Amino acid sequence: MRKIILMMLALTAVSLAQAEDGSRLWLRYDEVNKAKVDGPACVAADELRRYYPGEQVKLVIDPAMADDEGYLIAGNTISAKTERGLLYGAYALLRGESGASKPFYKLRILNHWDNLDSSIERGYAGKSIFWPTFDPQHIREYARANASIGINGTVLNNVNASARQLNKENLQKAKEIAAILRPYGIRVYLSVNFASPMGLGGLKTADPLNPQVRRWWKRKAEEIYKMIPDFGGFLVKANSEGQPGPGDYKRSHADGANMLADAVAPFGGIIMWRSFVYGANHKGEDRVKQAVSEFLPCDGQFRKNVILQSKNGPLDFQPREPYAPIFDNIRQTPQMVELQITQEYLGQSRHLVYLAPMWREFFRFVAPERMIGIAGVANIGDDANWCGHHFSQANWYAFGRLAWNPAMKSEEIAEEWLRATFDLSPGGEVLSMMLRSREACVDYMMPLGLHHIFKFDHHYGPEPDGFIKTYPLEWCPVYYHQADKQGVGFDRTHTGSDATSQYREPYCSLYDNPSTCPENLLLWFHHLPWTYRMNSGRTLWEEMQYRYNRGVSEVEDFCKTWQDCKPYIDEQRWREVDERMQHQLENAREWRDVCLKYFKTFAE
């Protein structure tokens, strides 16, 4: 019975007369100005003085504690080695936590794909909060939100970087932003264009072995660190999707990364070198194999302060992918995983899709200790609610919580967020809706391992027949589903592209055999007849129809659930979410109808 959702009664009274625009995110504390805070003057003390409902809090800097950004909460006392640890402890206390905690990853970084002209690549929540101008108070609220979930670094600009990012004017802005973020424990990083010595320095080459080029980067690093002493380092996208890189000069990725690493090493900086490369150097090779092919020969050749940053899957942030095999193959170079918070391929900010279950799925295959850091492509813009969709805030929140503790359950994180954001108690159908939403998205978009059948360029909406002969084949949807009269799916077994060979056992053998391959990845690894018998007893074609219809049915149920929530949510946020969910339902039906109509031309 649907009225069971009354179990979600508010923990605190919700003022239905007062509209909320979502700008306070999950930091909707009442300003009580009640607590007496003993200890050092710091941001943690300020936050507790304003928002802690108790009478007294004690903050203790304990030199004997580990220097790991952790904290200990005992009663109303927070102890930590540093002020940053006290700050994380303060937010934990405000969440109602106690005991000891420390972050699993040292590097917990947001990657903003913001451009100097205020646009955001794959951003769906308005314009940049950083460029070309910024509001200091807005940046301060951004810092509070990040600190509250333990994020300690931010890359201020797009990986498709402009050389102008490193000119004096923009470095001055980065300095000013860094000054606002610093008290909240957040370091600033910048994405750089590998050809900056040419675009900005007037050199005729960006060859990483050229002495003039190396000298230019060292001077630029000195300039940056003089302005921002705690600058974190550079994020680099090189020789991918038209970006310049060391390959332009017949040099390796190690040559390029090491040049930059040498420039920032004297200041303690790092280089995050992205492994998302494909194209010209791998003509005819399956795109999902190209990262391993490109980087395995370089493993062990990078400087100690170079980190290889790899996407969770081998293709491109699809609704479902197997884990990226580069995590199995790179053993001598530190790695960090790149997750995408902004929902480029998951309905953007128009669909309610809670991403924690997808990220937890990745951690089931790649042990968290295999990596030294975690990065998330941010979904933040200057919209009043920061993320476009109110429920997209949950993905920013979940990224931070998993970066702190990748063993946290998706349900636990969602419960925290619902309590803080909507005053909804644990349990209930809204929680169920969040936990089911990613699987529903997979069903109504690309079930059973189908992938990359989106419309060109903007990646919104279905286009399974997509083919433009002037485009690289690996950008075309028809390349990925391989549908014909014989069947559907991409053969990546030992008889096909042999992508399965890049995986460690038991996954190499498991994925290579259709009878043992998980059905949710079946068409990723296998081209199978339409009459292939599934575990359900249905044929592949019947199962595909079933999954598409199930996805739409789920979204219909989500819409009904949200309708029942109306008495318990403030009017503005309820209405704005409802409008997005009605749009999501239209899109889900479109995905189902377009895809099934297309595949029917082969299957029947």
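We number each residue from 1, following the sequence as shown. Because only heavy atoms are used, hydrogens play no part in the values below, and waters and symmetry mates are left out as well, while side chains stay in. Keep in mind that what you see is a predicted model, and the values were worked out from it rather than measured.
Looking only at distances, a side-chain donor or acceptor of Gln393 sits under 3.5 Å from a matching main-chain atom of Asn385. Although no hydrogens or angles enter the test, the distance criterion places a donor-acceptor pair under 3.5 Å between the side chain of Lys173 and the main chain of Pro132. Here the side chain of Tyr354 pairs a donor or acceptor atom with the backbone of Ser410 at under 3.5 angstrom. Of the possible polar contacts, none joining the Thr342 side chain to the Gly123 backbone as a donor-acceptor pair under 3.5 Å is found. In this structure a side-chain-to-backbone donor-acceptor pair under 3.5 Å is present from Asn379 to Ser392. Judged purely by atom type and a 3.5 angstrom limit, Gln584 has no side-chain atom pairing as donor or acceptor with the backbone of Val555. Panel note: side chain Arg580, backbone Arg575; no donor-acceptor pair is recorded below 3.5 Å. Judged by distance alone, the side chain of Gln343 and the main-chain N or O of His351 form a donor-acceptor pair under 3.5 Å. The backbone N or O of Phe317 sits less than 3.5 Å from a side-chain atom of Glu321, completing a donor-acceptor pair. Side-chain atoms of Thr561 do not come within 3.5 Å of backbone N or O of Val430 as any donor-acceptor pair.
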### Task
Dump the intermediate steps for salt bridge (Lys or Arg N to Asp or Glu O under 4.0 Å) on Arg320 and Glu439, then the final yes or no.
CA-CA 9 Å; Arg320 170 166 279 119; Glu439 205 63 48; 2.9 Å; yes

### Task
Apply salt bridge (Lys or Arg N to Asp or Glu O under 4.0 Å) to Asp578 and Lys566, showing your working.
CA-CA 9 Å; Asp578 185 63; Lys566 190 171 185 179; over 6 Å; no

### Task
Take Asn587 and Tyr444 through the test side chain to side chain donor-acceptor pair (under 3.5 Å) and record every step on the way to the result.
CA-CA 9 Å; Asn587 287 169; Tyr444 65 70; over 6 Å; no

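Summarising the geometry of Ser310 relative to Ser275, their closest heavy-atom pair is OG-OG, 2.8 Å, with the distance given to 0.1 Å. For the residue pair Leu107 and Met336, the shortest heavy atom distance occurs at CB-CE, 4.5 Å. Minimum interatomic distance between Pro477 and Phe456 (heavy atoms only, all atoms of both residues): CD-CZ, 3.7 Å. Summarising the geometry of Tyr88 relative to Gly185, their closest heavy-atom pair is OH-O, 4.1 Å, with the distance given to 0.1 Å. Smallest separation of non-hydrogen atoms from Val353 and Arg438: CG1-CA, 3.7 Å. Of all heavy-atom pairs spanning Asn160 and Asn115, the tightest one is O-OD1, 4.4 Å.
Checked against the 6.0 Å centroid threshold, Phe234 and Trp273 do not count as a close aromatic pair. Ring centers of Phe363 and Phe104: at least 6.0 Å apart, outside the cut-off. Taking the six-membered ring for Trp and the full ring otherwise, the centers of Phe327 and Phe362 sit less than 6.0 Å from each other. Between His452 and His459, the gap from one ring centroid to the other is short of 6.0 Å. Side-chain rings of Phe454 and Trp591 approach one another, their centers coming within less than 6.0 Å. The ring of Phe391 has its center closer than 6.0 angstrom to the ring center of Phe422.
Within 6.0 Å of the CG atom in Asp30, the count of heavy atoms belonging to other residues, nucleotides or ligands does not exceed 12. Around atom NZ of Lys127, no more than 12 heavy atoms belonging to other residues, nucleotides or ligands sit under 6.0 Å away.
Salt-bridge formation is detected for the pair Arg144/Glu141: a Lys NZ or Arg NE/NH1/NH2 atom is positioned less than 4.0 Å from an Asp or Glu carboxylate oxygen. Between Arg401 and Glu97 there is a salt bridge, since a side-chain N of the basic residue sits under 4.0 Å from a carboxylate O of the acidic one. Salt bridge present: Arg589 and Glu556 bring a charged side-chain N and a carboxylate O closer than 4.0 Å.
Ring-plane geometry between His138 and Trp386 is classed as parallel, the angle between the planes falling under 30 degrees on a 0 to 90 degree scale with a further cut at 60.
When the options Leu450, Val288, Leu448 are evaluated for a side chain to side chain contact (heavy atoms under 4.5 Å, CB included) with Trp524, the one that passes is Val288.
How far SG of Cys595 is from OH of Tyr548: 3.5 Å, rounded to the nearest 0.5 Å. Separation of atoms CZ (Arg108) and CG (Asn152) is listed at 4.0 Å; rounding is to 0.5 Å.
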